[in-house]
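Below is one structure, written out as structure tokens, with a few remarks after it.
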Amino acid sequence: MSTKYVYFFGGGKAEGKVHMKDLLGGKGANLAEMSSIGVPVPPGFTISTEVCDYYYKNGKKKPATLDKEIDLNIKKLEKVFGAKFGDKDNPLLVSVRSGAAVSMPGMMDTVLNLGINDEAAAGLAKRTKNPRMVWDSYRRFINMFGDVCMGVDHHHFEEELTRIKQKHNKKLDTDLTADELQEVVEAYKNVYKKYVGKSFPENAREQLGYAVNAVLGSWNIPRAIKYRQINKMHGLKGTAVNVQAMVFGNMGESSGTGVAFTRNPADGTDEFYGEYLINAQGEDVVAGIRTPDPISTLKKRMPKIYKELDAIRLRLEKHYGDMQDVEFTIQEGKLFMLQTRNGKRTGLAAVKIAVDMVKEKRITEEQGLLRISGDQLNQLLFPIFDPKAKAAALKTDRSLAKGLPAGPGAASGLIVFTAEEAVKWVEKGQKVILVRKETSPEDVSGMWAAEAILTSTGGMTSHAAVVARGWGKCCVVGCGALDINAAKKTITVGNSVLKEGDEISIDGSTGEILRGYVETSASPVVNGIVEGNKAALKHPICQMFLEVMKWADKTRKINVRTNADSPQDSINARALGAEGIGLCRTEHMFFEGERIWAIREMILANDVQGREKALTKLLPFQRKDFEGIFKAMNGFPVTVRLLDPPLHEFLPHDVKGQTEMAKRLNITVEKVKAKVDSLHEFNPMLGHRGCRLSITYPEICRMQVTAIMEAACNAAKSGIKVFPEIMIPLIGTKAEYDMMAEIAHEVAKNVIQEKNIKVNYMVGTMMEIPRATLVADKVAENAEFFSFGTNDLTQMTFGYSRDDVGTFLPEYIEKRILNEDPFASIDQIGVGELVKIGIERGRSVRPKLKVGVCGEHGGDQESVKFFANVGCDYVSCSPYRVPIARLAAGQAAIVAKKTNQPKIKRAVNRSSLKKAKR
Ligand code: PEP
Ligand code: MG
């Protein structure tokens with residue numbers, strides 16, 4: 001039997017069902033569903049997405065049996081609708097619309113009023129007694145058909161329309177009479193002939209063939225491809241084609257058309273929300289030529305229709321169990337539904353609708369949780385641009401460029417080019433945006449002072465991105481369109497030049513950069529939960545957020561920790577639900593105040609004694625920070641990583657800085673310069689860093705472990721429950737690990753003995769070099785835990801420098817070499833495979849091996865789901881991404897249960913941690 005390609009709907013029945021979206025597209029599946037539950041839908045048929053798939057796999061040819069199936073379905077349609085395709089007295093007109101499995105609003109092509117020709121128009125005019133509407137529909141059809149199916153530019157038709165309006169002294173299209181519109185039809189046919197090279201096809205079936213081809217062709221037009229890329233829509237078969245009987249909203253005062261949402265899509269309020277136009281076709285509502293009326297006014301104008309529509313709204317929402325976005329047409333007092341789909345909504349609306357629907361017992365908590373995306377939840381945490389202000393800015397062409405959305409939120413400020421300027425300007429009371437090619441640890445104070453950070457190079461795990469996310473600060477990176485000249489203090493973007501002090505606004509959730517100020521609104525969640533403002537805590541948005549987090553925590557099987565390097569970040573992260581620290585990057589503690597001088601002294605020292613002397617100065621600083629962190633994390637584990645970055649990062653590279661350093665350390669500038677030069681490496685990320693530093697200078701490891709363990713013992717003495725985990729970075733061999741672990745254990749035991757208090761500690765390692773994952777069974781003989789550093793693991797597996805991906809990654813994504821940034825979302829089949837191998841091999845020798853992830857992927861929704869499914873005990877991420885990780889972990893557990901995935905062996909029983917003191 002040949003494949004079935006066409007599915008009929010209408011007359012209270014349908015061959016399709018709502019779950020057949022892959023085959024019928026979202027629109028087709030929903031039309032079928034509405035039809036079969038008795039909602040008034042104009043009848044029609046859907047040509048499946050398999051045809052589109054076939055079309056592109058077979059040199060743009062359709063399956064041989066398709067035409068026959070279409071003919072049979074036209075016959076069915078004629079019968080149900082009571083009109084005939086191509087008939088001169090009672091013609092059936094149809095719309096031909098695209099519709100993929102996932103909605104791509106406005107991206108693909110549509111043809112309306114198909115089936116009309118001279119004879120049919122005359123017949124229809126007689127039947128409807130509305131010749132004006134008929135000739136208006138006819139001229140619109142020729143324009144649309146010429147444009148969409150034959151590529152005739154719309155403006156050629158527009159010119160003719162303007163000419164005829166001028167000739168008859170008419171201002172608006174709607175002022176034209178039936179006769180004048182007939183004249184437009186003739187003129188349009190001439191335009192068609194001139195640009196297509198043959199006459200306009202009068203035969204309805206021939207018209208349909210062209211329209212089906214055009215819709216299939218629109219699947220691969222550049223804007224549709226781009227839309228799928230941006231929205232990460234991969235693996236779809238193609239578009240379906242929906243052929244449906246036309247109903248007319250432009251048949252006079254008892255007709256109309258509109259679009260509506262079953263709840264408010266901006267804030268989630270349970271109200272009928274939408275707009276309509278009397279005596280109009282669908283495109284008029286969207287085109288903005290006439291201003292539509294709010295749906296509430298339809299109640300007075302057409303009470304019967306409103307009642308019917310409102311009943312359908314409630315019915316559809318109940319049937320689908322989610323907020324719907326509907327299109328309807330009223331033809332001479334009769335209501336037709338043309339479309340329903342799950343409505344797009346803001347983050348706030350998504351959370352409110354889920355919480356309300358659970359309260360209304362329409363959906364379960366688990367269903368509610370699955371409805372919310374990480375991005376949507378995130379929108380509740382950060383200031384966002386006021387949607388109206390942003391739309392107005394975009395309308396007036398204030399868009400400058402787009403980079404990678406690295407740190408969430410939105411901010412406006414004056415451009416500054418150096419960290420020092422940022423601090424100075426902020427001290428003077430200005431709000432600034434720090435703009436750099438890239439940032440380095442030396443810029444941290446300026447980055448902190450700025451409202452937001454913008455860089456022209458670097459990717460999602462570059463220094464700027466990681467630091468900004470840790471603070472919950474707005475940040476856009478890798479915006480290659482910006483030509484930054486820090487010396488001249490200018491940014492050139494295309495033809496525009498911006499100077500220091502010019503105001504810009506950046507949207508860290510989308511990567512957009514706009515000229516001038518755009519108003520923002522603050523987050524009550526951060527106000528209440530992080531800053532402890534009692535009134536904000538009672539705010540409905542804050543309450544909704546807490547409710548969703550409660551659902552997530554009930555279901556998830558893995559823990560969520562945070563990456564934090566200071567007591568304050570740790571306190572914030574706890575407030576946002578972090579259950580421990582998965583990564584404390586100790587080097588971040590070295591830049592503040594006096595500390596940088598101690599580390600510089602250590603680097604400059606010629607022998608062990610000199611280094612030890614300098615390190616002794618650092619020890620109290622580190623110990624104090626760790627004490628604060630242990631206190632904030634009372635009852636939860638704290639993983640501290642030993643020094644990781646190459647030493648040159650701590651030295652000044654400019655003459656001014658080197659002179660200051662020479663003065664401070666009482667040595668010559670030449671000596672400073674010579675040291676900087678000697679530390680120069682061609683590939684510092686693959687150079688003398690990580691455990692390699694402490695293998696050369698074991699005194700660094702000794703000092704750090706002493707500080708960690710003294711802080712842990714001191715905290716324990718004051719009644720705090722401490723669980724220190726000492727982590728060795730960047731190992732690639734068992735021998736590296738063993739050498740470092742031996743020192744760590746020796747120092748830790750000594751401190752415990754000296755302090756005379758029992759503290760349970762662990763020593764483990766990061767898994768961030770591919771080789772380490774392959775020899776994980778050897779490493780696990782002595783390592784008590786693994787933490788996957790997926791930033792470096794991605795860098796080294798792909799061989800892409802994480803700080804330079806900005807130079808080629810956008811092109812890779814554009815050219816579909818990669819579907820998405822592997823530094824943002826884990827590459828499941830490559831890097832992810834190494835994670836799986838590492839876990840399996842590690843647990844083969846140490847079944848209770850504790851495993852976590854501390855790369856940036858630990859705060860990415862899809863990656864967290866992956867890590868939860870491969871047996872990780874926890875993920876760790878920046879404080880402000882903890883809620884997303886909790887949500888994703890909850891979702892992963894629900895999906896695993898639903899799809900009967902085999903039970904995963906983990907080392908940590910989450911319920912034991914749940915009992916820990918909060
Ligand atoms: C990593 O490599 O994933 C990691 C967490 O370490 P860092 O980002 O500090 O290199
Ligand atoms: Mg790393």
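One is the number of the first residue; the rest follow in order along the sequence. Indexing begins at 1, ligand by ligand and atom by atom, following the structure's order.
When the shell of 6.0 Å around CD of Glu811 is examined, it contains 12 or fewer heavy atoms from other residues, nucleotides or ligands.
Under the 4.0 angstrom criterion for non-hydrogen atoms, His857 is not in contact with ligand 1. Within the structure, the closest approach of Glu856 to ligand 1 does not fall below 4.0 Å when heavy atoms are considered.
By the criterion of a heavy-atom distance under 4.0 Å, both the backbone and the side chain of Asp792 are placed next to ligand 1. In Gln795, neither the side chain nor the backbone holds a heavy atom less than 4.0 Å from any atom of ligand 1. Contacts with ligand 1 closer than 4.0 Å are made by side-chain heavy atoms of Leu583 only, the backbone lying farther away. In Met767, neither the side chain nor the backbone holds a heavy atom less than 4.0 Å from any atom of ligand 1.
Between Phe590 and Phe650, the ring planes lie tilted relative to each other; the angle falls in the 30° to 60° range. Between Phe382 and Tyr880, the ring-plane angle classifies as tilted under the 30° and 60° cut-offs.
Taking the six-membered ring where the residue is Trp, the centroids of Phe808 and Tyr800 are separated by under 6.0 Å.
Taking 4.5 Å as the limit, every side-chain heavy atom of Arg841 sits out of range of all side-chain heavy atoms of Thr773.
Taking the Mg ion (ligand 2) as reference, the nearest N/O/S atom within Glu768 carries the name OE1. Take the N/O/S atoms of Asp792: the one nearest the Mg ion (ligand 2) is OD2.
When all heavy atoms of Gln795 and Asp792 are compared, the pair lying nearest together is NE2-OD1, 2.9 Å.
Scanning Leu793, Asn791, Val853 for the heavy atom closest to atom 1 (C) of ligand 1 points to Asn791.
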